[in-house]
Amino acid sequence: MNGSKTLLTSYVSQPGEIKTSSGKTLRTDEMIINMGPQHPSTHGVLRLEIVVDGEIIVDVIPHIGYLHRCFEKHAEHMTNYQQVIPYADRMDYVAAMNMEQGYAVAMERMLKIEVPERVEYIRVIMAELQRIASHLVAVGTFGIDAGAFTPFLYAFHDRERILDLFEMTCGARLLYNYIWVGGLSHDLPPQFIDKAKEFCKYYRPRIKEFNDLLTYNEIFVKRTANVGVLPKDVAINYACSGPMLRASGVNWDLRRDDPYSVYDRFEWEPQVGKGEMGTVGDTWDRHIVRMREIEQSVNIIEQALAGIPEGNVQAAIPKRIRPERGEIYARTEAPRGEIGYYIVSDGSTTPFRVKARSPAFVNLSVLPEISRGAMLADLVLIAAGVDIVLGEVDR
Amino acid sequence: MEALENLGVWGSILIAVVWSALPIVFILLYALVTLYAEMKIAAHIQDRLAYMRTGWHGTLQPFADILKLLQKEDTISSAADRKLFRLAPYVVFMGTYGAFSAIPFSSIYIGSNIDLGVFFIVAVSSLVVVGILMGGWASNNKWSIFGAMRSAAQMVSYEIPTALAILIAVMITGSLNLQDVTKFQEGGIHNWVVFGGPLPLTQKLLLIPFTLVTFIILFIASLAEVNRTPFDLPEAESELVQGFNTEYSGMRFAMFYLAEYANMFLVSAVTVALFLGGWTSPFGSFLSGPVWGLFWFIGKCLLLVFLQIWIRWTLPRLRVDQLMYTSWKVLTPFLFVCIFGVGLILVL
Amino acid sequence: MDLYIIVFYLFALITLASAAIVVISKNIVYSAFALLFTFFGVAGLYVLLMADFIAVTQLLIYVGGILVLLLFGVMLTTKVIRVDMRTATVRTFPAVVIVAALAGTLIGIFWSTDWPQSPASDGFERTIPQIGEMLLTSYLLPFEIASVVLLVALIGAAMIARRERKAL
Amino acid sequence: MGLLDKQFQNGNVLVTSLDTLLNWARLSSLWQMQWGLACCAIEMMATSASNFDIMRFGVIPRATPRQVDVLFVAGTVTLKMASRIKRLYDQMAEPRYVLSMGSCANCGGPYWEHGYHVLKGVDRVIPVDVYVPGCPPRPEALLEGIIKLQEKVRKESLVKKSA
Amino acid sequence: MLHEIIQWLRTPGLHHFLIISGILFSVGVFAILTRRNAIMVLMGIELVLNAANINFLAFSRYTSGTLDGQVVAIFVIILAAAEAAIALAIVLNIYQNFSTVNIDEIDRLKD
Amino acid sequence: MAAVRAYFNNIWIALTTVAVGMKITFKHLFVPAVTLQYPDVKLKLPERARNRLYVNIDDCIGCDQCSMVCPVDCIIIETIKSTPDQDLGTTSTGHKKRLHVPVFDIDIAKCCYCGLCVYPCPTECIVMTDVYEFSEFDRNRLIYSFSIMTPQDIELAKEKLKKAEEEAAAKKAAATAAAAKAVQPSGAQALKPASPEPGTPEQPGNS
Amino acid sequence: MLTEFGKILIFLIIGALFVVAGLFAAWLLRPRRPYPGKLAPYECGEEPIGDAWVRFNVRFYVVALIFLIFDVEVVFLFPWALVYRELGLFGFLEMAVFLAILLVGLAYVWVKGDLDWDKPRPQIPRIERPPEPNPEKVLKETPVS
Amino acid sequence: MTAEQVFTSLKAKFGDAVLEAKLDALQPWILVVPERMKEVALFLRDDPAMQFDYLMCLSGMDYNDGKLGVVYHLFSTVHRHKIVLKVQCAKETPHVQSVSAVWGTANWHEREAYDLLGIIFDEHPDLRRILLPDDWGGYPLRKDYRVPEFYNGVKVPY
Ligand code: SF4
Ligand code: SF4
Ligand code: SF4
């Protein structure tokens, strides 16, 4: 408890000129509202400094870093490359599998390892399951932000089933440390394939139900359509990725366009926003893209489950990881978009520098652009539509 | 009773006091039940259980909640305006409770049988608006003020559709006194105003579409009056934290909470008394009588409250501009059409 | 009659005390909220004058309408710095004199005139239908004019408020 | 000062039973601050979702600190966040409890060594009642933490003078 | 004398209402005269109107015994509403232009 | 006209979609709850569940592998070499134990349950269990010491080692002194090993 | 005898007394340990920037204004609703005229957009690009692969 | 376009501003002088043959030899080619030209590099700390960074 006194600063607001933290002076009819870090709809610890004129947003200044956990510093301090994985897990804790996969892919490219086919299949299954789970969190919390609590719980119930599959496989529910450089920590448990197939069968009708309950509800549509429109060229300029980019009408998916793993063997299609309810690139598009991606993921999982080959999942795991001097930037498609790892090796067993290019960080940076002129209530939905996970925004 | 009557003025006052304290008891009981029921219904809609560990199936939970709130420290933020901050719960609760005086719970119980009935209810409810504005402003918290202003603007805009819908019922029944209105509908479900009231058949048939629409509109407007989903913007958690009561804690907050739930009942009660036959039995004289009347009345109200809860856990919420759109551009014009329609039908 | 007296003085007290707060309070928000009690007290007096419909109308329009409007007005015009909420009082002394004189005259006249002490009628049975009828018959013209007045008020106020918004 | 607040030296039967009643009320109605910090928050959400349904324990999420009884510190507390956490805790109305969920909140967890920006245990800024270990703790573990907290509350005394 | 006063106090009649309305009226006028805030002036006007209404009703009850006073009172209330709406709109308009609702300052700013 | 059409269409769509939603929720009202009533009903965790660590200290050879690989460094192991005359026994996997382990602390409060420490252990004595209920009121109770050596044991072992070292040094000195002379070490005396008393291994934390 | 309005007064008083009772009971039980930190206004964990008592959107006023006018109209409608049947078609028509005049007002504010709340005015972001480079020039400058 | 072609055309256009290139690396890169980074970036973005419109990643680096650096991973969604650009600057005067006007995404990335490594991006519109609090001292990702003992009265190390 020592030092708690110094934490308190003055609680009295000074009269006079009020400035935003980026140094802009307010006009008289503007007012600053602080949303977060503790606010029901900032999904953790984002803080939005909002300048409003009435209810219309003049400017949004996101403040991040409340969850800056020094991933990059940790990566540099690990004694071997493998140990980075638990920390990579904790970056995007909603989609830990994808984070691990990205790291593993980067390291494998650096080490020039070929991983067995079974490993790739299992990774695809896991990554897609994780994608569903992650999107479920996204659309569920989206529902809460729109004021509908029930869809969230339905989504979480389905997610729970996926987590059961994960726990069966690797023993953890959220942070798996499952995908290793060159392989996996465990092989699939024997009942897994049946259970996963069962899940797919169970899950398809639930997607429709969810859509009926939330996605196509007129109130919801009216709330989200034409809100937070992000045009194509801005999306690219801001390097948005994932559903955010696709919703803006860019047909772009790293699984197809910068191929890794075995995605080319399955039949599926990247989903793009079409502006059915409003403009291309609005918040509703982002939502529907996620919903449709979930369906696609179920397709991929079913195909992968059918075609999974036999093999050893640990065959390619190097005993000791010591890459040559060099560097690599490898990117994969996480649920939120392009997760890229820039890894620099100095030839020793510990990484010299690991930089994670996290999708939500980049996607979030466009938030001020798309929320100007919207209303306070819209901002909540726009932010939810960006689908941030603070762990990877702040790293 | 008679002995008391003999005591003169003071006796009658005593009777009146007891008489008017009854709804408090009722509100408390009802709030406990509804608090519990709301969570339970929500839970079952969401495939879960809610309250299971306090008493049998968590039935004691509301008691625990209230007892807990009693022990909660009462914080008044240093930036707040202390006087108004303290005053606000009184105004809100008085507004709510005053309205209860004109609710006919049964053929023998009505707090105050004034002629003005619903008109009085509409009027006295506006105290709630002022109370909320007071609380929100006194909190001196951005979320509170936002919530309060929104709340006031919303309640105020939806008061027009509410009043107009009530007016249509009054046009049919020809009385403002809810007791009279209820008596007017006696004789079974077909005599309820929502089904045209006890009028000659042709008139009745012509009226039914109008009354149905009016009933639905009144229900929607009453949702908005009590800030329930999809009109819960003032308390929209995902936007405004807790709305106007963000800074309130402990018992003061509990009073707002109680008033909110009491208001839920109130709007249902008005709707029931005007459109659903009040305390009359749906089966004519079968199962009627003062006690049954109480049962029917509360039963019907709780049904509407259930409907409110059900809607709450289904729908997302509107945005402010859509809220105003609904009130002014959908509900009000429809009601004007209904007024002309009903007026013509009844006059001709 | 006892009760009537008590209630009468109660409402008189509420009315006058809160009216005093309205004019004395330095904080305009207090004034506005005190107005609530004034209106409420006046409504009580109306009831004592057997004007139930007017009393409820008073609640509905003054408390529910005008007061909310005033409050919005106050909240729309207070500035960021709290000092601004205080409203300056000027020329207090001459005003006191004038008002004292005015009040003295008024009360004197009221006092000295020999008004009837008891009600002219024993209250009214069901005022509302009667009022309704009067509105539609003997007061038809003012009634219809009232609608025009309201229309003008609506359009005018909306127009002024809108111009204000344009200036923004 | 509340009339009964810490006013009694020793409990007689009445005081004791009042105590029991009040403790029971507090422990069965622990309203929770709707706030998550990191990965643990996801598990916290999972705990409040249908499968584990934290509401069975009477735990309801509220958005404002004024109306909550227990703060679940679910996740990593960074130094930037520490002052905010402290402030929010301060703003909670008493009686209030803190449950630290997960390794990070307990002591910095996996970030204790190199996390230059991680607070090594939330107990450095606010007092903690129960520590729930895990990374993240399973939802059941959080529930067990709540049961532990309830045990603690049950042993408290509101009306007796604290020693 | 004292007895008379007490007697007078005990029998509320037209006098009493008139006196109350008189005081209310004066208070309203006081507000109009002294306050510089336009909204305060508005409040004063409302007080005055209320005082007038009390008079109408009191006379209606004590002298005429008909409902005419009440009907007039309704019209007064309605006019008050219309007046408040317009006046506040103007006040807001002024505020927007001059950033103040102080009447004197506005006077000054106008030139 | 189109605007009017859109106006009514809007109202219609709103009403129907609301009705659809309400139908769904109403259906769910009668779907049995999926809730697991935790303290009364407990889920059977899968075999691979990764929760609290457990160290079977009897099998630990003190090789420090687990501590090395732990990314958060929450395992603290200290070892004392045994003297050649001690027999610490073998582990159940058949490894010979050569080191005393006076300190084997896992700060379970820091652990991130990644399971990395489990893989390299040669004797498979460090395992993740399915125990997840071990909340504490006091954080220090989350530091689990698995070592079962009492302070006396440690003292003893240290002294022994010191003596042995001294002896060895002396011997070495002697050996260097008599460089040419080959010294045959006497056979290891089977002294009573300073192995722990049999008993329940201390289970820290709550019971 | 107590009039019906007297009963309402009692209702109001009891309503207030109930709040008093509740707060009194709480006063008996609750702790009171204020300190500056606890009493700081809540703003999502941040220090408040600027006062909350700032001026608000004029929209609120316009809504209240329209409400007030219609509220007044309702006051006329209620007495009318009670008696218009006795007055027959005449009474109905009178009110129809009254309503019609006000509906003109409604139509007016509708058309003029006063019924709309502040609509979001989304500003779609754009990217500043330099004028398209002259393709010929570019081609000359960049060696074509 | 291969990296080599990019390099030659850059060299042709900017001459001395383009220092060197390593074209045989896993991912070939080109080293540019920090003072002219923006020009190069604009060219790379707008040239019809390049159209590197997508800045995948911008990373700050501490090379631990007295030099800081910034690495730009570029990609073209039109031509689907990639290139890596690097700039280096001395630790004492870590100035690099900002490219946030070229790629919107660079804004936050640069703030992050400033925050964690202390690289100052000239002409950046709003160069503030982004992850760490404003009153933080030092740049943690530098190799010689020492963790402070106390921050605002709270002990930092375990
Ligand atoms: S304890 Fe583990 S799961 Fe929880 S916040 Fe920390 S790293 Fe995340
Ligand atoms: S589980 Fe991971 S963090 Fe925990 S002790 Fe083992 S290696 Fe370390
Ligand atoms: S790896 Fe196994 S044997 Fe070696 S020290 Fe750790 S627990 Fe003991």
Side-chain angles (χ1 to χ4, degrees), chain B residues 12-13 16-17 19-21 24 70-79 89-90 93-94 96-98 100-101 111-114 119 140-142 145 149 153 156-157 159-160 163-164 167 170-171 174-176 246-247 250-252 254-255 320-321 324-325 328-329 336 339-340 343-344 346-347, chain G residues 1-2 4-8 10-12 14-16 18-19 22-23 25-27 29-34 36 38-44 48 51-53 56 59-60 63-64 66-67 70-71 74 77-78 81-82 84-85 88-89 91-92 95-96 99 103 106 110 115-120:
Chain B
S12 66
I13 289 181
V17 167
W19 201 239
S20 29
I24 285 267
L70 271 174
Q71 305 167 54
K72 217 50 191 150
E73 186 183 6
D74 175 45
T75 54
I76 302 180
S77 119
S78 51
Y90 291 92
F93 197 81
M94 272 165 79
T96 308
Y97 195 63
F100 267 83
S101 60
S112 158
N113 198 9
I114 47 168
F119 192 52
N140 191 8
N141 173 306
K142 284 165 196 162
I145 299 192
M149 300 280 279
V156 144
S157 342
E159 209 162 304
I160 297 302
L164 291 181
L167 185 87
V170 171
M171 282 164 75
S175 171
L176 286 171
T246 300
E247 286 278 359
M251 215 45 198
R252 273 181 229 283
M255 287 301 160
V320 201
D321 56 328
M324 294 298 160
Y325 178 92
W328 292 107
K329 296 196 177 171
F336 274 117
I339 289 178
F340 279 112
L344 264 180
L346 288 181
V347 168
Chain G
M1 230 352 252
L2 214 53
E4 296 300 323
F5 271 96
K7 288 184 190 160
I8 287 174
I10 292 177
F11 258 86
L12 290 178
I14 288 192
F18 175 72
V19 182
L23 292 181
W27 178 78
L29 290 175
R30 69 182 176 221
R32 212 170 84 81
R33 302 185 192 92
K38 188 185 278 177
L39 301 184
Y42 164 80
E43 186 155 325
C44 298
D51 207 291
W53 288 330
F56 269 83
R59 279 280 132 221
F60 285 109
V63 165
I66 299 172
F67 156 75
F70 281 89
D71 209 18
V74 167
L77 282 174
F78 270 100
L82 291 183
Y84 81 111
R85 265 194 273 181
L89 197 56
F92 176 74
M95 190 44 84
L99 278 186
L103 282 181
L106 183 68
W110 185 328
L115 289 183
D116 305 326
W117 196 260
D118 268 355
K119 282 263 174 61

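As the structure is a prediction and not an experimental result, all values here were calculated from the model. Convention: sequence-line order gives letters A, B, ...; per-chain numbering from 1.
- Note that CE of B:M94 and CG of G:L12 are 5.0 Å apart. Values are rounded to the nearest 0.5 Å.
- In this structure the side chain of B:L164 reaches within 4.5 angstrom of the side chain of G:L77, judged on heavy atoms.
- The two residues B:A163 and G:F78 come nearest to each other via the heavy atoms O-CZ, 3.9 Å.
- The shortest non-hydrogen separation linking G:F11 to B:F100 is CE2-C, 4.1 Å.
- Of all the heavy atoms in B:L167 and G:A81, the pair that sits closest is CD1-CB, 3.9 Å.
- Taking all atoms of both residues into account, the shortest heavy-atom contact from B:V156 to G:A64 is CG1-CA, 4.3 Å.
- Atom CZ of G:F67 sits about 5.5 Å away from atom CD1 of B:I160, to the nearest 0.5 Å.
- If you tally non-hydrogen atom pairs under 4.5 Å between each of B:E247, B:M255, B:E73, B:E159 and chain G, the highest count goes to B:E73.
- Residue G:L103 touches chain B through its side chain alone, counting heavy-atom pairs closer than 4.5 Å.
- In this structure, G:V19 and B:Y97 have side chains that are not in contact, with every pair of non-hydrogen atoms separated by 4.5 Å or more.
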Could you give me the CA-CA distance, side-chain angles and deciding distance for B:F93 and G:F18, then say whether ring pair (Phe, Tyr, Trp, His ring centres under 6.0 Å) is met?
CA-CA 9 Å; B:F93 197 81; G:F18 175 72; 5.0 Å; yes
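- Only the side chain of B:F336 comes within contact range of chain G, with heavy atoms under 4.5 Å apart.
- Counting heavy-atom pairs under 4.5 Å between each of B:T96, B:I76, B:T75, B:I339 and chain G puts B:I76 at the top.
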